[in-house]
Amino acid sequence: MTDRQPPEDHPFSEFLREPASTSKPTGQPQSRRERRETHATVRHSEPPRRRRRALTGVIVTVVILGLIAGGGAFVYSTFEPQITAMLNPKSNDDYSGNGSGEVMVKISDGEYGDAIGVKLQEAGVVKSSDTFYSLLLKENPQPVFQTGTFKLAAKMSSKSALAALLDPANKVDYTVTIPEGTTASGIYQALADVTGMPFDDFKAAGADFVSLGVPAEAPSVEGFLFPATYEFQPGQTAAEMLKTMVDRTYQALDAAGVPADQRLHVLTLAGLIQSESGSKDDMYKVSRVFQNRLADGMNLQSDATVRYGAGGGAVDTTEAERDDASNPYNTYANPGLPVGPISNPGDDAIDAALHPADGDWRYFVTVNLDTGETVFSVTQEEHDEAVKQYQANH
């Protein structure tokens, strides 16, 4: 080990030279030069590591400013996420931009901001549920989320994800409106048209009607698919959709006060009323006609039941079809109500079945199919005259 000191003009002499001793024999004061050297040693005693960190921060700042000032905006924009993450570590908790691809996210009734944030993170839409929820807390007024399925994207910023969830255009569902009196086959077709699922999927689900909650004594699911507007979600099965409609039927029957053991009977009568009525007002008169005939032991003689049992088709029926007692829905050849509903009735038809109008009518005929005008008669002679009116119009 040598005691040689580097030359005074050496570039690293300040770091390599042994610091001057600050001690002095007792009673000998330091010279002015020695005091200067002592202060210099203390001033430069900061560890080199701290200086290197400070120097690195200066270099990064200078580089960024140099890029911008020197026309490096393109380079900066390319590496903006990395630079932003380096200068602001919290930015790592969020994606940037509108994302890419397609991700379906279902918002259920009762889900709030924190639960929605977790769902978005699990689906890969946002990077951090906490970041998304923090954004929500800053919103004023607080956002109101709609239930349903929304089409979003993968790796969206929390801000973009929130905007997309609040945009009705991104809501994806299968909205279908079923008119009163539609048959099960017509409902299957409507659902297939809206959802893009095969008609046969709905037909197969309807055939297993007991699993949908329909009583085993019913001949089919007919009558138990309540006519209404539904919003089904992507991913729901055909059976789930039909089950929703069956449950809605029970809701309507319960609201009308129909006992559970009378559901099939009421729906059978209501389905017949629904199919044979030209208007809401006529429903209560049609109900009275059928109930008067049942009380008198008369066959109902409904062309609508014959047509249904024969597989649908024209409004009129043939004599051969009316004489066919093998058709269990044929109320010309068979007494009483048909074996089951011939359509899916709505609230008005159910109410008419329970509360028929007062009257002695035993007959009716729709004399104008375009307007639905219907003539009600007490006697056969009156009815024959009404039939002639129908024939004259057709």
Side-chain angles (χ1 to χ4, degrees), residues 179-183 222-223 227 252-253 256-258 262 264-310 312-319 321-323 327-394:
E180 292 86 347
T182 306
T183 62
E222 194 75 80
L253 292 173
V258 178
Q262 293 294 309
L264 179 58
H265 173 82
V266 170
L267 288 175
T268 299
L269 178 56
L272 179 54
I273 294 169
Q274 186 80 66
S275 298
E276 288 281 18
S277 301
S279 67
K280 176 182 175 180
D281 292 337
D282 285 346
M283 288 182 181
Y284 295 88
K285 293 181 179 181
V286 170
S287 177
R288 173 52 65 191
V289 168
F290 288 140
Q291 297 196 42
N292 284 342
R293 293 178 74 93
L294 289 171
D296 291 347
M298 300 172 64
N299 287 1
L300 298 184
Q301 296 183 330
S302 166
D303 288 299
T305 63
V306 176
R307 288 197 310 273
Y308 181 86
V315 173
D316 294 323
T317 58
T318 66
E319 185 176 353
E321 288 174 333
R322 293 191 294 271
D323 290 340
N327 176 355
Y329 291 91
N330 186 348
T331 55
Y332 276 91
N334 301 305
L337 288 169
V339 295
I342 63 171
S343 71
N344 292 278
D347 286 319
D348 292 331
I350 292 173
D351 187 62
L354 298 173
H355 307 100
D358 293 331
D360 295 328
W361 312 290
R362 300 296 189 278
Y363 308 89
F364 68 89
V365 61
T366 302
V367 297
N368 190 322
L369 298 179
D370 294 330
T371 64
E373 180 186 355
T374 302
V375 175
F376 294 86
S377 306
V378 175
T379 67
Q380 181 70 55
E381 292 73 20
E382 292 174 346
H383 178 61
D384 290 342
E385 290 299 319
V387 171
K388 290 178 182 179
Q389 185 179 348
Y390 162 74
Q391 292 171 342
N393 292 332
H394 298 83

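Quick note: numbers below take in every heavy atom, side chains included, and nothing from hydrogens, waters or symmetry partners.
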Derivation of the side-chain hydrogen bond (donor to acceptor under 3.5 Å, both in side chains) call for Glu180 and Asn344: CA-CA 6 Å; Glu180 292 86 347; Asn344 292 278; over 6 Å; no

Asn393 side chain to Val367 backbone, donor-acceptor under 3.5 Å: yes

Rounded distance [0.5 Å steps], CG in Asp348 versus NZ in Lys280: 4.5 Å

Main-chain N/O of Asp347 paired with Asp351 side-chain donor or acceptor, under 3.5 Å: no

From CG (Leu337) to CD1 (Ile342), nearest 0.5 Å: 10.5 Å

Trace of the side-chain contact (heavy atoms from CB on, under 4.5 Å) decision for Asn327 with Glu321: CA-CA 8 Å; Asn327 176 355; Glu321 288 174 333; over 6 Å; no

Short side-chain to backbone donor-acceptor contact, Thr374 and Gly372, under 3.5 Å: yes

Least distance between heavy atoms, Val286 atom then Ser277 atom: CG2-OG, 3.6 Å

Plane angle bin for Phe376 and Phe364 - parallel if under 30°, tilted between 30 and 60°, otherwise perpendicular: tilted

Where Ala349 and Ile273 come nearest, the two heavy atoms and their spacing: O-CD1, 4.3 Å

Closest non-hydrogen atom pair between Ser302 and Thr331, with its separation: N-OG1, 2.9 Å

Validation row: Pro345, Leu272 side chains within 4.5 angstrom (heavy atoms): no

Test side-chain contact (heavy atoms from CB on, under 4.5 Å) applied to Tyr332 and Asp303, step by step: CA-CA 8 Å; Tyr332 276 91; Asp303 288 299; 3.4 Å; yes

Flag if over 12 foreign heavy atoms under 6.0 Å of CD, Glu319: no

Salt bridge (Lys or Arg N to Asp or Glu O under 4.0 Å) contacts touching residues 379-394 (sequence neighbours left out): Glu385-Lys388

Inter- and intrachain pairs under salt bridge (Lys or Arg N to Asp or Glu O under 4.0 Å), touching residues 282-302, at least two apart: Asp296-Arg362

Those residues that, when tested against Ser343, pass side chain to side chain donor-acceptor pair (under 3.5 Å) (two or more places apart): Ser275

Heavy-atom side-chain proximity of Tyr329 to Val339 below 4.5 angstrom: yes

Exam field: side chain Ser287 to backbone Ala352, donor-acceptor pair closer than 3.5 Å: yes

Side-chain heavy-atom pair Leu269, Gln291 within 4.5 angstrom cut-off: yes

Distance, nearest 0.5 Å, that separates NE2 of His355 from OH of Tyr284: 8.5 Å

Closest non-hydrogen atom pair between Ala252 and Ile350, with its separation: CB-CD1, 4.5 Å

Side chain proximity check, Thr366 to Glu276, heavy atoms < 4.5 angstrom: no

Atom of Ala333, atom of Asn299 and distance for their closest heavy-atom approach: C-ND2, 4.2 Å

Short side-chain to backbone donor-acceptor contact, Thr317 and Arg322, under 3.5 Å: no

Closest contact, heavy atoms only, Leu354 versus Ala256: CD1-O, 3.7 Å

Main-chain N/O of Gly346 paired with Gln274 side-chain donor or acceptor, under 3.5 Å: yes

Any donor-acceptor N/O pair, Asn292 side chain to Gly359 backbone, under 3.5 Å: yes

